[in-house]
S.K.: 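Quick one: the structure is below, and I'll ask about it shortly.
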Amino acid sequence: MSSALLQDLRARGLVFQIAGEEAFEAWLEGGSRTLYCGFDPTADSLHIGSLVPLLMLRRFQLAGHRPLALVGGATGLIGDPSFKAAERQLNTLEVVEGWVDKLKAQVSQFIDFEGEHLQDGTAALVVNNLDWTQGVDVLTFLRDVGKHFSINAMIQKESVKQRIEREGAGISFTEFTYMILQSYDFSELYRQYDCGLQIGGSDQWGNITGGIDLTRRLHGGQTFGLTMPLVTKADGTKFGKTESGTIWLDAGKTSPYAFYQFWLNTADADVYQFLRYFTFLPVDQIDQIEADDKAREGRPEAQRILAKEVTALVHGVDGLAAAQRITEALFAGDASGLGAADLEQLAQDGLPTSTLDLGHAPPTLSQLLSESGMVSSGKQVKDALKNKAVFINGHAVEGEPSVAVSECFSRATALYDRYWIVRLGKKKYHLFTVA
RNA sequence: GGAGGGGUUCCCGAGUGGCCAAAGGGAUCAGACUGUAAAUCUGACGCGCGAGCUUCGGUGGUUCGAAUCCACCCCCCUCCA
């Protein structure tokens with residue numbers, strides 16, 4: 001008899017490895033359990049790489065378990081070496097502290113802390129491993145915790161192997177110790193909250209099993225680990241990055257519109273798997289979507305559904321609505337047919353926008369577009385102009401990159417006397433408004 | 001502390017005195033084809049519209065000319081102590 005939750009997770013392809021597999025199902029079935037997943041502050045926001053584990057916590061909570069989201073105020077000061085090619089730059093205490101606060105708020109979006117719909121004892125909790133590590137002195141730590149770790153075993157771990165074996169790499173004692181810290185987290189959460197399961201990406205396997213071993217040695221308790229597969233793309237490129245950079249969960253760093261567009265551009269080869277990974281739609285419904293898409297010629301619906309679901313999860317219904325408004329306006333028809341209020345709305349909805357003061361604007365088009373962040377170099381403007389891929393309010397721009405701004409932008413060509421929508425290529429849009 | 005190997009443009013990686021803004025691959029961007037896909041083909045890919053300017057761990061030097069040679073320094077790796 002396997003639990004419905006586990007069955008669903010397996011069907012979604014979300015289970016990579018389970019530590020303690022023989023006893024795991026029975027344990028999970030035995031009642032409401034506490035589990036945790038750690039998130040280290042390596043930036044001021046999480047990115048979509050953390051989405052799978054975040055949603056996983058939620059999946060467990062919906063199934064009647066209690067999720068703990070651990071923010072690594074301590075481990076973030078050290079840096080996880082797992083499968084990293086090189087040693088990382090240490091961040092200062094103040095910086096990490098600031099990031100911890102941001103991540104706390106962010107992880108909180110995905111799990112419930114209170115409410116009538118919650119089953120008893122499943123209210124989520126956010127914890128910080130700095131709370132139980134900063135008071136421990138070195139000697140105590142080395143004697144009580146360090147004694148349980150064998151260096152021989154640690155250097156065998158796949159996660160640090162390339163750093164140890166590869167020519168040109170290397171690992172500092174600081175990072176090497178990371179595993180011990182994370183293991184200690186698990187044993188502490190077990191002691192304090194009876195937390196019996198740690199989940200994480202497949203790269204966390206070594207760290208998780210380390211924690212399981214330590215918990216058994218310190219407290220004699222059996223704990224479990226579950227890892228999720230690394231999200232990969234069919235074409236082999238890295239998931240979650242685009243030219244414009246990482247896709248962040250923070251709306252201030254990646255607008256809901258950009259976020260929505262990211263998912264909308266998912267390749268056919270990946271989209272059904274991503275629906276299983278990143279949404280709560282039932283698996284058979286996803287299969288149905290796939291079957292429908294196959295039966296129909298032309299463009300699949302899956303991307304649209306994926307983008308809608310994930311954007312709603314991360315940015316809420318308002319964020320989704322904003323993203324859809326912009327998308328509709330720009331891609332569904334002639335953008336120049338928009339009303340003044342629509343244009344105002346686009347700016348508020350997160351379409352990249354700049355003000356343009358015709359009196360004090362940069363002299364050339366390529367300078368203006370570079371400064372607005374539309375392109376990273378003037379070469380791109382030159383290239384795009386050559387291909388007739390620059391449009392201002394729907395009209396292709398002719399000429400050299402050095403064409404004067406005043407020639408392209410004038411009150412006469414502006415929409416409602418003050419807006420210009422510049423399009424570069426098929427997908428890049430930027431709104432300029434009169435200053 | 002000793003001996004050896006290494007640090008090249010986003011990444012990998014060629015390049016050992018001029019033909020080097022630096023091969024090749026990847027990533028990325030734009031065009032064609034499409035469905036705001038994929039695959040494929042084309043172009044771009046240090047900065048600059050351009051003349052030109054700034055790069056090959058750092059600083060100095062040799063030379064008409066240096067990523068390439070010399071000196072010192074910094075960092076990484078391997079082995080020895």
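Chain naming here is simple, since letters A, B, ... match the order of the sequence lines and numbering starts at 1 in each. Keep in mind that this is a model prediction, so the values were computed, not measured.
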S.K.: Counting any heavy atom closer than 4.0 Å, what does A:Ala267 reach on the DNA or RNA strands: base, sugar-phosphate only, or nothing?
M.R.: sugar-phosphate
S.K.: Using purine N1 to pyrimidine N3 plus N6-O4 or O6-N4 for Watson-Crick, or N1-O2 and O6-N3 for G-U wobble, both under 3.5 Å, which nucleotide pairs with B:U16?
M.R.: none
S.K.: Whole angstroms only, please: what is the NZ-P distance between A:Lys388 and B:A44?
M.R.: 18 Å
S.K.: Show your working on salt bridge (charged side-chain N to carboxylate O under 4.0 Å, His left out) between A:Lys308 and A:Glu301 and close with a plain yes or no.
M.R.: CA-CA 11 Å; A:Lys308 172 174 165 256; A:Glu301 274 303 301; over 6 Å; no
S.K.: Could you state the atom-to-atom distance from CG of A:Leu424 to C1' of B:U36 in whole Å?
M.R.: 14 Å
S.K.: Looking at A:Phe110, I'd like to know if the NZ or CZ of A:Arg58 sits under 6.0 Å from its six-membered ring centre while staying within 45 degrees of the ring's axis.
M.R.: no
S.K.: Taking B:U42 as the reference, what is the distance to B:G61 when you measure between their P atoms (whole Å, please)?
M.R.: 48 Å
S.K.: Under a 4.0 Å threshold between the charged nitrogen and the carboxylate oxygen, would A:Lys102 count as salt-bridged to A:Asp250?
M.R.: no
S.K.: How long is the line joining CD1 of A:Ile305 and C1' of B:A37, in whole Å?
M.R.: 15 Å
S.K.: Taking atom CZ as the centre, does A:Arg296 end up with more than 12 heavy-atom neighbours from other residues, nucleotides or ligands that are less than 6.0 angstrom away?
M.R.: yes
S.K.: If you only use heavy atoms from C-beta on, which nucleotide in B:A44, B:A39, B:G35 is closest to the side chain of A:Asp383?
M.R.: B:A44
S.K.: Carefully, step by step, assess A:Leu226 and A:Met56 under the rule side-chain contact (heavy atoms from CB on, under 4.5 Å).
M.R.: CA-CA 10 Å; A:Leu226 185 152; A:Met56 191 65 135; 3.7 Å; yes
S.K.: Could you go through nucleotides 46-50 of chain B and list every protein N or O atom that sits under 3.5 Å from one of its N or O atoms, giving the distance for each pair?
M.R.:
from: B:G48; atom 1: OP2; to: A:Gly378; atom 2: N; distance (Å): 3.2
from: B:C49; atom 1: OP1; to: A:Ser366; atom 2: OG; distance (Å): 2.6
from: B:C49; atom 1: OP2; to: A:Ser366; atom 2: OG; distance (Å): 3.4
from: B:G50; atom 1: OP1; to: A:Lys382; atom 2: NZ; distance (Å): 3.2

S.K.: Separation of A:Tyr429 atom OH from B:A30 atom P, in whole Å?
M.R.: 12 Å
S.K.: Does any nucleotide pair with B:U78 by Watson-Crick or G-U wobble geometry, both distances under 3.5 Å, and what is it?
M.R.: B:A3
S.K.: Who does B:C41 pair with, Watson-Crick or G-U, both distances under 3.5 Å?
M.R.: B:G31
S.K.: Please report the distance separating the P of B:U8 from the corresponding atom of B:C76, rounded so that it comes out in whole Å.
M.R.: 15 Å
S.K.: Rounding to the closest angstrom, what is the interatomic distance between B:U9 and B:G25 at atom C1'?
M.R.: 15 Å
S.K.: For atom P, what is the distance between B:G13 and B:G26, given to the nearest Å?
M.R.: 16 Å
S.K.: Is A:Thr327 touching bases, backbone alone, or none of the nucleic acid, heavy atoms closer than 4.0 Å?
M.R.: base
S.K.: Find the partner of B:G48: check Watson-Crick (N1-N3 plus N6-O4 or O6-N4) and G-U wobble (N1-O2, O6-N3) distances, both under 3.5 Å, and reply none if neither fits.
M.R.: none
S.K.: Hey, is NZ on A:Lys157 packed in by over 12 heavy atoms from elsewhere, all under 6.0 Å?
M.R.: yes
S.K.: Nearest nucleotide by nearest heavy atom, which residue falls closer to the 5' end of RNA chain B, A:Asn387 or A:Lys426?
M.R.: A:Asn387
S.K.: Between A:Asn128 and A:Gly72 (side chain of the first, backbone of the second, donor and acceptor by atom type, cut-off under 3.5 Å), is there such a pair?
M.R.: no
S.K.: B:A22 pairs with which nucleotide, Watson-Crick or G-U wobble, both distances below 3.5 Å?
M.R.: none
S.K.: Should the side chain of A:Gln261 and the base of B:U36 be counted as holding a donor-acceptor pair, with the cut-off at 3.5 Å?
M.R.: yes
S.K.: Please confirm whether the shortest side-chain N or O distance from A:Lys427 to OP1 or OP2 of B:A37 is below 4.0 Å.
M.R.: yes
S.K.: Quick one: A:Gln380 CD to B:G43 C1', roughly how many Å, whole number?
M.R.: 13 Å
S.K.: Would you measure the distance from the P atom in B:A14 across to the matching atom in B:G65 and give it in whole Å?
M.R.: 30 Å
S.K.: Rounded to the nearest angstrom, tell me the gap between atom CD in A:Glu301 and atom C1' in B:A37.
M.R.: 14 Å
S.K.: Please report the distance separating the C1' of B:G17 from the corresponding atom of B:C69, rounded so that it comes out in whole Å.
M.R.: 8 Å
S.K.: Side-chain atoms of residues 353-365 of chain A: list all donor-acceptor pairs with protein atoms under 3.5 Å, sequence neighbours left out, distances to 0.1 Å.
M.R.:
from: A:Thr353; atom 1: OG1; to: A:Leu351; atom 2: O; distance (Å): 2.7
from: A:Ser354; atom 1: OG; to: A:His430; atom 2: NE2; distance (Å): 2.6
from: A:Asp357; atom 1: OD1; to: A:Gly359; atom 2: N; distance (Å): 3.0
from: A:Thr364; atom 1: OG1; to: A:Gln367; atom 2: N; distance (Å): 3.2

S.K.: Could you work out the separation of B:A27 and B:C20 based on their C1' atoms and round it to a whole Å?
M.R.: 23 Å
S.K.: Using whole Å, what does the distance between atom P of nucleotide B:A30 and atom CZ of A:Phe391 come to?
M.R.: 13 Å
S.K.: State the pairing partner of B:C69; accept Watson-Crick or G-U wobble contacts with both distances under 3.5 Å, and report none otherwise.
M.R.: B:G61
S.K.: By nearest nucleotide on RNA chain B, pick out whichever of A:Arg304 and A:Arg423 is the more 5' one.
M.R.: A:Arg423
S.K.: Base, sugar-phosphate, or nothing: which does A:Lys238 touch, judged by heavy atoms less than 4.0 Å apart?
M.R.: nothing
S.K.: CG of A:Asp293 versus P of B:A38: gap in Å, rounded?
M.R.: 16 Å
S.K.: Please state the P separation for the pair B:C12 and B:G7 - nearest whole angstrom.
M.R.: 11 Å
S.K.: Counting only N and O atoms by type, is there a donor-acceptor contact under 3.5 Å from the side chain of A:Thr413 to the main-chain atoms of A:Phe409?
M.R.: no
S.K.: As a test of reading the structure: which of B:A30, B:A37, B:U36 is closest to the side chain of A:Leu264, going by heavy atoms?
M.R.: B:U36
S.K.: Under a 4.0 Å threshold between the charged nitrogen and the carboxylate oxygen, would A:Glu398 count as salt-bridged to A:Lys388?
M.R.: yes
